[in-house]
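Let me begin by presenting the structure, written as structure tokens, before commenting on it.
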Amino acid sequence: MEKAKKFFKEVGIYIIVIIVVLLLRYYVVAFIKVNGNSMDDTLENKDIMILDKLSYRFSPIKRFDIVVIRQDKEYLIKRVIGLPGENVEYKDNILYINGKKVDENFSHKKTEDFTLEELDSKQVPDHYYFVLGDNRGNSMDSRMIGFIPKKNIIGKTSLTLFPPHRMGIKE
């Protein structure tokens, strides 16, 4: 009996640490790897980033957030452009939300003219989002796959950890 107590006393702390790490990874933060060039020049292929899974439980998804989306069995990293209830249009590489020009405060490639009518809609449906990659000519995004349900957005990301020369906050 004394040996069992000693064993659990010595090993118990490791078991608790493992459980805490697993809970943090599952519910709070994880590492995510950029796969492809759809977010160039903001993010680069193979960048390793921190995925924040907790923020959206307490605050809303905002325009221009960089989000991680579960799409079938893969993860996509895109930028939120249109929020529920909004009309989104690009004309002459300028973003219009509900008919008003919106300045994009980040670098992106040229955006071809686009309206939501190409998705058979006048506005982003409730509980859905319109997302684009920053490399607009080379991105599988809402223009092709449609609106993204809120339940498929697993978190946001902005902190690049690797490679070291790219470390920092990306917006």
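Of the inter-residue distances, the one linking Asp113 atom CG with Asp92 atom CG reads 5.5 Å to the nearest 0.5 angstrom. Note that CG of Asp120 and CD of Glu117 are 9.5 Å apart. Values are rounded to the nearest 0.5 Å. Ser38 contributes atom OG, which lies 10.5 Å from atom CZ of Arg136 (distance to the nearest 0.5 angstrom). To the nearest 0.5 Å, the span separating CZ on Phe114 from CG on Leu95 amounts to 11.5 Å.
Residues passing the ring-ring contact (aromatic ring centres under 6.0 Å, His included) test with Tyr96, sequence neighbours excluded: none. Partners of Glu112 under the side-chain contact (heavy atoms from CB on, under 4.5 Å) rule, at least two apart in sequence or in another chain, are Lys110. Remark: Glu86 pairs with Arg63, Leu83, Ile97, Asn98 by the side-chain contact (heavy atoms from CB on, under 4.5 Å) rule, at least two apart or across chains. Partners of Asp40 under the salt bridge (charged side-chain N to carboxylate O under 4.0 Å, His left out) rule, at least two apart in sequence or in another chain, do not exist in this structure.
A 4.5 Å side-chain heavy-atom check between Phe64 and Glu104 finds at least one atom pair inside the cut-off. Side-chain contact check for Asp41 versus Asp134: every heavy-atom pair is 4.5 Å or farther apart. Using a 4.5 Å cut-off on side-chain heavy atoms (C-beta onward), Lys62 and Val80 make no contact. Residues Leu76 and Met39 are not in side-chain contact: their nearest non-hydrogen atoms beyond the backbone lie 4.5 Å or more apart.
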Next item on the list: Begin from the C-alpha positions of Tyr75 and Asn35 and carry the test side-chain contact (heavy atoms from CB on, under 4.5 Å) through to its verdict.
Entry: CA-CA 8 Å; Tyr75 295 100; Asn35 186 14; over 6 Å; no
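Tyr90 and Val102 end up in the same hydrophobic cluster when Ile, Leu, Val, Met, Phe, Trp and Tyr side chains are linked at under 4.5 Å. A single hydrophobic cluster is seen to contain both Leu119 and Val88, as judged by linkage of ILVMFWY side chains at heavy-atom distances under 4.5 Å, directly or through other members. By the criterion of side-chain heavy atoms lying less than 4.5 angstrom apart, applied directly or through intervening Ile, Leu, Val, Met, Phe, Trp or Tyr residues, Val68 is not grouped with Tyr56; the two fall into different hydrophobic clusters.
Shown here is Asn93, whose CG atom has more than 12 heavy atoms of other residues, nucleotides or ligands within 6.0 Å.
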Show me, pair by pair, the donor-acceptor contacts under 3.5 angstrom made by side chains of residues 145-164, not counting sequence neighbours?
unit_1	atom_1	unit_2	atom_2	d
Asn152	ND2	Arg70	O	3.3
Thr157	OG1	Ile50	O	2.7

Which atom pairs, one a donor and one an acceptor, fall under 3.5 Å between side chains of residues 121-132 and the rest of the protein, sequence neighbours left out?
unit_1	atom_1	unit_2	atom_2	d
Ser121	OG	Gln123	N	3.3
Ser121	OG	Gln123	O	2.6

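Under the 3.5 Å distance criterion, the side-chain polar atoms of Asp72 are left unmatched by any main-chain donor or acceptor of Glu74. Judged by distance alone, the side chain of Asn135 and the main-chain N or O of Asn37 form a donor-acceptor pair under 3.5 Å. In this structure a side-chain-to-backbone donor-acceptor pair under 3.5 Å is missing from Arg79 to Asp65.
The pair Glu118-Arg143 does not meet the salt-bridge criterion, since no charged nitrogen lies less than 4.0 angstrom from a carboxylate oxygen. Contact check on Lys78 versus Asp141 returns no salt bridge, with no Lys/Arg side-chain nitrogen under 4.0 Å from an Asp/Glu carboxylate oxygen.
In terms of heavy-atom proximity, Met140 sits nearest to Met144 at CA-SD, 4.0 Å.
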